[in-house]
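These notes are about the structure you will find just below.
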Amino acid sequence: MAKFDINNLADALYEATEGKTHEEQQKLIHAALLMIKQHGALSHTAQFLKRFEKIYDEEHKTARAVVSSKNKLTERERHDIKHFIADKHKAEHVVMEESEDESLLGGVKIKVGDTLYDASLKTKLKQLEEYLVK
Amino acid sequence: MSKSTIVENLKQAIGEFKAHTKAEKVGVVQEVFDGVAKVSGLSDIKASEMVTFAHGETGVALNLEEDSVGVVILGDFSKIKEGDEVRATGKILEVPVGKGTIGRVVNALGAAIDGKGALKGDAMYPVERVASGVITRQSVDQPVQTGIKAIDALIPIGRGQRELIIGDRQTGKTAIAIDTILNQKGQNLICVYVSIGQKDSKLRKLETRLREGGAMDYTVIVSAGASESAALSYIAPYTGVAIAEYFMDQGQDVLIIYDDLSKHAVAYREISLLLRRPPGREAYPGDVFYLHSRLLERACRRNKEAGGGSITALPIIETQAGDISAYIPTNVISITDGQIFLETDLFYKGIRPAVNVGFSVSRVGSSAQIKAMKKVAGTLKLDLAQFRELEAFSQFGSDLDESTKKTLDRGRRAVEMLKQPQYSPVVVENQVVALYALTRGYMDDVPVEKIKEFETGLIDYASVNAKNFMSEVKEKGMWSEGEEGNIKKAIADFKVTFLK
């Protein structure tokens with residue numbers, strides 16, 4: 001028998017639940033959790049959720065972004081950033097998580113998955129430093 | 001410079017500066033220990049790609065796993081902590097190379113460590129590069145004159161060859177390498193000395209020695225010291241060969257010495273085990289052969305169409321108690337085109353350099369010798385082999401026939417003549433004169449203990465009385481018919497005065 005792989009289970013669960021009614025989905029999720037328990041892999045549920053989220057995002061063209069800025073974003077900025085992310089990542093939905101970070105000094109830092117767009121003042125100053133030292 | 005001009009210059013520089021924002025791949029340090037970090041994220045990273053940590057340290061991605069990357073940290077890892085951001089650079093590890101490196105001491109990342117200011121390279125070369133292909137190569141046919149009689153006569157090294165120097169500790173392995181570098185003055189050969197896991201005091205001594213001998217005018221030293229991390233020891237030889245490749249690409253001949261590859265293998269073993277790669281024989285990882293073969297394969301001699309130039313490699317291996325059949329020695333022996341085997345017993349018998357002529361070979365052989373040397377040294381190896389065999393037998397009896405006695409006498413004189421003190425390389429024309437006298441039997445009636453004296457005297461005498469012979473050997477690589485008579489006469493004349 002092939003080795004039990006939590007990622008494969010997440011893939012399978014996604015395929016199985018797609019387009020099913022809420023009740024059926026409940027049943028499937030229950031079965032999947034039981035299976036995880038049987039294989040003694042309950043400690044890996046975080047990994048399972050992460051994988052499931054990833055598949056869901058891929059299939060639904062959703063981009064999850066973490067945006068940090070010095071001050072709170074204005075409506076207009078939020079709108080521009082959303083457009084930027086949707087354009088770069090060919091996403092239809094953008095889920096944004098905002099945070100404030102004093103140390104950035106200004107500008108924004110956008111992280112989508114493991115891609116980083118660093119337009120903060122802090123990084124620009126660092127670049128200037130490197131340029132001048134050269 | 002006045003204050004205002006400085007401010008003006010700064011203003012101008014700042015005016016020219018343009019900040020750029022681009023998409024970067026980032027990861028997060030999950031765990032870090034012993035110079036190795038496990039990083040999540042970094043989804044599009046390449047093998048051996050350079051990454052930078054939050055405080056500016058560099059690392060190399062060696063293990064690409066499903067959702068994490070194993071990174072070896074080049075340099076100080078004490079400031080890196082869990083949760084730190086790691087950025088991919090999109091570049092394979094590269095080092096500055098160029099003419100500016102000559103005379104300098106650099107570390108494994110190509111940065112100067114000799115306190116003589118920053119080093120500015122003419123180009124950046126990747127440390128890992130695929131070796132020159134078969135079409136661009138040419139067979140080895142030019143000698144590297146090591147200045148060591150035993151090597152130049154019996155185990156000749158050619159430009160583009162890979163010759164292993166192997167032996168126990170304290171048998172003079174580094175001495176051979178240093179003498180070879182010292183002898184390259186005016187030979188149009190750039191030398192790169194890669195020191196891997198050596199004591200800093202040893203390196204300092206060596207550098208001073210080379211500087212005193214004027215050898216730093218054509219030598220680069222790459223050093224990964226014993227106090228630095230294993231990752232730097234692992235990278236250092238590749239950095240050295242990248243520096244050498246730059247000169248080869250300019251059509252020049254280069255000699256590179258790796259001192260030593262046993263420590264390199266140990267450093268790689270350490271990294272591999274930390275990265276949790278499965279251990280194999282002697283706990284070395286499975287790809288330890290490839291580690292050295294891809295390095296040594298970069299030594300080559302390129303043909304004219306490919307721009308010429310060559311890299312000659314002299315890797316050094318330290319054996320334990322003379323065991324050349326251990327894992328790493330056998331690997332490197334099979335990769336190289338021959339080996340110079342040094343022995344403790346010979347060393348303590350006073351035969352220095354302690355080359356065991358029987359076990360040492362050069363697979364490129366006499367095609368890497370000048371014609372004159374081929375002529376005089378042709379029979380020497382056989383003479384010595386016969387001598388060793390008879391020497392063992394002759395210890396049992398005293399009644400020996402005439403021919404055996406003769407072989408023994410000749411052998412004793414040959415062994416005596418091949419002795420040579422450290423830091424005193426002999427130029428090829430002097431070697432030819434001495435070997436001519438030996439192999440043509442002129443030394444047979446000189447007492448063994450006087451051979452050294454005879455040799456030095458003869459060279460001095462011949463350089464005055466057989467000048468043409470020596471200059472012909474030096475320039476054309478062979479003497480002409482007429483000059484042979486002159487050298488015979490010179491030797492005979494000298495012997496008469498010497499034996500008086």
Side-chain angles (χ1 to χ4, degrees), chain A residues 3 5-8 10-11 44 46-55 57-58 63-69 80-81 84-91 101 103-134, chain B residues 5-30 37-46 49 51-58 61 64-69 71 83-91 96 111 117-121 124:
Chain A
K3 212 181 136 208
D5 181 19
I6 201 112
N7 289 337
N8 289 344
D11 294 355
H44 298 311
Q47 164 80 18
F48 179 74
L49 281 176
K50 218 167 129 188
R51 177 77 180 197
F52 196 86
E53 197 177 86
K54 198 177 151 210
I55 305 162
D57 288 351
E58 265 171 28
R64 276 168 211 277
V66 181
V67 181
S68 29
S69 56
D80 284 353
I81 291 171
F84 172 80
I85 297 170
D87 186 45
K88 282 273 175 189
H89 290 263
K90 298 185 180 66
D101 185 353
S103 76
L104 293 181
L105 304 174
V108 287
K109 213 166 145 181
I110 307 164
K111 198 176 166 204
V112 186
D114 61 356
T115 311
L116 179 79
Y117 304 92
D118 193 344
S120 68
L121 190 57
K122 187 182 164 190
T123 306
K124 280 183 187 163
L125 282 173
K126 213 171 181 179
Q127 284 175 5
L128 177 67
E129 185 192 335
E130 276 163 24
Y131 175 80
L132 287 178
V133 169
K134 249 186 205 168
Chain B
T5 35
I6 295 175
V7 172
E8 272 311 307
N9 283 348
L10 266 179
K11 267 188 188 166
Q12 202 191 340
I14 293 170
E16 280 164 12
F17 170 71
K18 268 203 179 97
H20 47 88
T21 306
K22 55 177 196 303
E24 284 175 303
K25 286 287 177 191
V26 292
V28 177
V29 175
Q30 283 184 324
K38 197 172 161 194
V39 180
S40 66
L42 295 173
S43 56
D44 289 335
I45 201 161
K46 291 177 277 198
E49 186 174 325
V51 299
T52 51
F53 289 90
H55 296 284
E57 298 91 347
T58 26
L64 309 185
E65 284 154 32
E66 195 174 342
D67 37 33
S68 69
V69 180
V71 175
D84 272 1
E85 205 170 69
V86 185
R87 296 184 184 204
T89 58
K91 282 188 287 190
L119 199 154
K120 211 167 173 291
M124 296 295 280

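So you know, we letter chains A, B, ... as the sequences are listed, proteins then strands, and number each from 1.
Of all heavy-atom pairs between A:Leu132 and B:Ala13, the closest is CD2-CB, 3.6 Å. In terms of heavy atoms, A:Arg51 sits closest to B:Glu66 at NH1-OE2, 4.4 Å.
For the set B:Val26, B:Leu10, B:Leu42, B:Val28, the entry with the most heavy-atom pairs within less than 4.5 Å of chain A is B:Val26.
At a 4.5 Å heavy-atom cutoff, A:Lys88 makes no contact with chain B through either its backbone or its side chain. With a threshold of 4.5 angstrom between heavy atoms, B:Glu85 approaches chain A through side-chain atoms but not through N, CA, C or O. Using a 4.5 Å cut-off between heavy atoms, A:Gln47 contacts chain B through its side chain alone, with no backbone atom that close.
To the nearest 0.5 Å, atoms CD (B:Glu24) and OH (A:Tyr117) are separated by 11.0 Å. In this structure, A:Ile110 CD1 and B:Thr21 OG1 are separated by 9.5 Å, a value rounded to the nearest 0.5 Å.
A:Thr123 meets the side-chain hydrogen bond (donor to acceptor under 3.5 Å, both in side chains) test with A:Asp118, A:Ser120; sequence neighbours excluded. Legend: residues meeting side chain to side chain contact (heavy atoms under 4.5 Å, CB included) with B:Leu64, ordered by chain and number and at least two apart, are B:Ile45, B:Ala47, B:Ala61, B:Val69.
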**Asked** Would B:Lys25 and A:Thr115 satisfy side chain to side chain contact (heavy atoms under 4.5 Å, CB included), going step by step from the backbone distance to the final call?
**Response** CA-CA 5 Å; B:Lys25 286 287 177 191; A:Thr115 311; 2.9 Å; yes
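Contact check for A:Lys50 versus B:Asp67: no side-chain heavy atoms found under the 4.5 Å cut-off.
Heavy-atom neighbours of A:Glu129 CD from other residues, nucleotides or ligands within 6.0 Å: at or below the threshold of 12.
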